[in-house]
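The analysis underlying the following values was restricted to heavy atoms, covering all of them including side chains, and did not include hydrogens, waters or symmetry mates.
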Amino acid sequence: MVNVPCAGIHLSGPNASKTAVVVLRATGDLTFSALELVRVYEKIGSFGSLFSDERLISILSSEGPLASVFVDCPLTAPPCVDCSRPSCPGAVRCEDVGVAFMLSVANRHLARGKRKSRPVNPQSQRLWDVVQMSAGESRIPVRTEPTYSSNHAPLVVRARTLQRRLNSLGQKGFELRETNVPAVVELLSERYLPGSGAAAGGLPPAAAFRSFEHGLGFRQQMVDAFLECGFLIAPEGTDGANLDAAADVVESLSASVEVFQALVTAIVAVLHSGHLTFPPVAGFEQAGGGWVHLPDFGKF
């Protein structure tokens, strides 16, 4: 495993100042589960005539080369949202590969005698959501929230625009990939913070880290657990001032929900670079992509 840094981005709206970036680096072989905290950037908004995307580009370029860059928002839209055909024959007769893939997954689901939790709708669901809905199609041991909604639509546009800007740099390692923070928090808490439900007021981890009442305490517990078991290595200070600065960086990981989400996203980025995430199911990428990468701790 080459110790090349990886970046995790919590992407917010283009007019907000809540975008955050965390850069991590694997120390040695990932079988030792050691991730070194390299840098934290928060409150990345527009500054005067400098757009926030330009600031992001500058940060990623200065931290490069990067093994992988992950975001915590959708990178694809439902097939019907992306469709540019002038007429619609309906989902059953649609020629779009993504729609056909969704319907075939749902049909296999029914053929096994399973019940659908909701009808397949290519206007509102992505390929990932249908795969997750259908038992047996995915080996991932956790269900994610629906990954697309009207609230996410602006983030898809921003993520795609950011990818085009990154493409213009002509550098390797700047292909954006997607994860789902609530699902990852569920998996991380099972491994590093057992019994976390009581500590978070009885809330499931996917909700606890965002809770107004319990969120800060839960995030602090998770970061402390990462540090105590050696999963995460904090930056080292050489004197009093540097020690204080390092402590401030560690504190920021839990103090802000946006930075915490960037941290979780960066963890997935490093695990992905070490081939420790679940791969897409057969035919998924050819049908349109949008795979949501989650940790596969069974490979550790």
Side-chain angles (χ1 to χ4, degrees), residues 1-11 19-42 44 53 55-76 140 159-181 183-185 187-188 191-192 223 226-227 230-236 249-250 253 258-280 284-285 289-300:
M1 175 67 188
V2 179
N3 299 336
V4 180
C6 299
I9 305 173
H10 167 66
L11 202 62
T19 295
V21 176
V22 170
V23 182
L24 297 177
R25 176 171 49 228
T27 58
D29 193 324
L30 261 185
T31 55
F32 296 104
S33 306
L35 308 178
E36 179 186 356
L37 179 61
V38 178
R39 241 171 305 281
V40 175
Y41 301 88
E42 57 181 321
I44 307 170
D53 278 357
R55 296 185 65 192
L56 265 177
I57 294 292
S58 176
I59 288 171
L60 296 176
S61 297
S62 66
E63 294 292 347
L66 299 169
S68 62
V69 182
F70 270 64
V71 293
D72 62 349
C73 69
L75 292 172
T76 61
I140 296 173
R160 289 177 167 181
T161 302
L162 178 61
Q163 181 65 78
R164 289 193 293 270
R165 287 289 293 111
L166 290 170
N167 291 343
S168 69
L169 299 179
Q171 298 183 28
K172 294 182 179 180
F174 283 171
E175 178 187 354
L176 297 179
R177 293 182 175 88
E178 173 187 347
T179 191
N180 180 276
V181 170
V184 179
V185 170
L187 293 170
L188 289 171
R191 184 177 178 89
Y192 296 103
V223 172
F226 295 159
L227 294 169
F231 178 65
L232 181 66
I233 301 174
E236 297 181 358
V249 169
V250 172
L253 296 176
E258 292 83 18
V259 174
F260 181 79
Q261 290 185 93
L263 168 66
V264 173
T265 305
I267 289 172
V268 179
V270 179
L271 296 180
H272 175 77
S273 70
H275 308 289
L276 298 175
T277 56
F278 289 95
F284 189 93
E285 296 296 337
W291 186 255
V292 178
H293 297 271
L294 299 177
D296 183 359
F297 290 117
K299 296 179 180 177
F300 272 58

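Legend: residues meeting ring-ring contact (aromatic ring centres under 6.0 Å, His included) with Phe260, ordered by chain and number and at least two apart, are Phe209. Residues that satisfy the salt bridge (Lys or Arg N to Asp or Glu O under 4.0 Å) test with Glu175, not counting sequence neighbours, are Arg177. Partners of Pro74 under the side-chain contact (heavy atoms from CB on, under 4.5 Å) rule, at least two apart in sequence or in another chain, are Arg126, His152, Val156, Glu178. Taking Ala269 as the reference, Cys6, Ser68, Phe70 meet the side-chain contact (heavy atoms from CB on, under 4.5 Å) condition, with sequence neighbours excluded.
Two residues are said to be in side-chain contact when any heavy atoms from C-beta on lie closer than 4.5 Å; Ile57 and Leu162 meet this criterion. Put simply, the side chain of Val250 does not reach to within 4.5 Å of the side chain of Val40, judged on heavy atoms. Between Leu56 and Leu11 the shortest side-chain heavy-atom distance falls below 4.5 Å. In this structure, Val21 and Val259 have side chains that are not in contact, with every pair of non-hydrogen atoms separated by 4.5 Å or more. The shortest distance between side-chain heavy atoms of Val264 and Val184 falls below 4.5 Å. Counting only heavy atoms from C-beta outward, the side chains of Val23 and Ile59 never approach each other to under 4.5 Å. For the pair Asn167 and Phe174, the minimum side-chain heavy-atom distance is 4.5 Å or more.
Summarising the geometry, atom CG belonging to Leu24 is positioned 6.0 Å from atom CG belonging to Leu263; distances are rounded to the nearest 0.5 Å. Here the CZ atom belonging to Phe297 is positioned 9.5 Å from the CZ atom belonging to Phe278, to the nearest 0.5 angstrom. If you take CG on Asp296 and NE2 on His275, they are separated by 13.0 Å, rounding to the nearest 0.5 Å.
Across all their heavy atoms, Leu60 and Ala7 have their closest contact at CD2-CB, 3.9 Å. Between Phe226 and Leu188 the shortest heavy-atom distance is CZ-CD1, 3.9 Å. The minimum heavy-atom distance between Val270 and Ala26, with the atom names listed, is CG1-CB, 3.9 Å. Nearest heavy atoms, Leu75 versus Ala159: CD2-CB, 3.6 Å. Looking at every heavy atom in both residues, Leu294 comes nearest to Ala183 through CD2-CB, 3.9 Å. The two atoms that bring Tyr41 and Ser62 nearest to each other are OH-OG, 4.3 Å, heavy atoms only.
Listed for the Thr179 side chain is a donor-acceptor partner under 3.5 Å among the backbone atoms of His293.
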Intermediate values then yes/no, side chain to side chain contact (heavy atoms under 4.5 Å, CB included), Ile233 and Leu35
CA-CA 6 Å; Ile233 301 174; Leu35 308 178; over 6 Å; no
Start with the C-alpha distance between Leu176 and Val71, add both sets of side-chain angles, then the distance that settles side chain to side chain contact (heavy atoms under 4.5 Å, CB included), and finish with yes or no.
CA-CA 7 Å; Leu176 297 179; Val71 293; 4.1 Å; yes
Does Ile9 form a side chain to side chain contact (heavy atoms under 4.5 Å, CB included) with Thr265? I'd like the steps, not just the answer.
CA-CA 7 Å; Ile9 305 173; Thr265 305; 5.8 Å; no
Between Leu232 and Leu253, is a side chain to side chain contact (heavy atoms under 4.5 Å, CB included) present by the stated rule, with each step listed?
CA-CA 11 Å; Leu232 181 66; Leu253 296 176; 4.0 Å; yes
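A donor-acceptor pair shorter than 3.5 Å can be found between the side chains of His272 and Thr277. For Ser58 and Arg55, the side-chain atoms include no donor-acceptor pair closer than 3.5 Å.
Residue pairs that meet the salt bridge (Lys or Arg N to Asp or Glu O under 4.0 Å) test with at least one member in residues 63-72, sequence neighbours left out, are Arg39-Glu63. Under the salt bridge (Lys or Arg N to Asp or Glu O under 4.0 Å) criterion, no residue pair touches residues 261-271, with sequence neighbours excluded.
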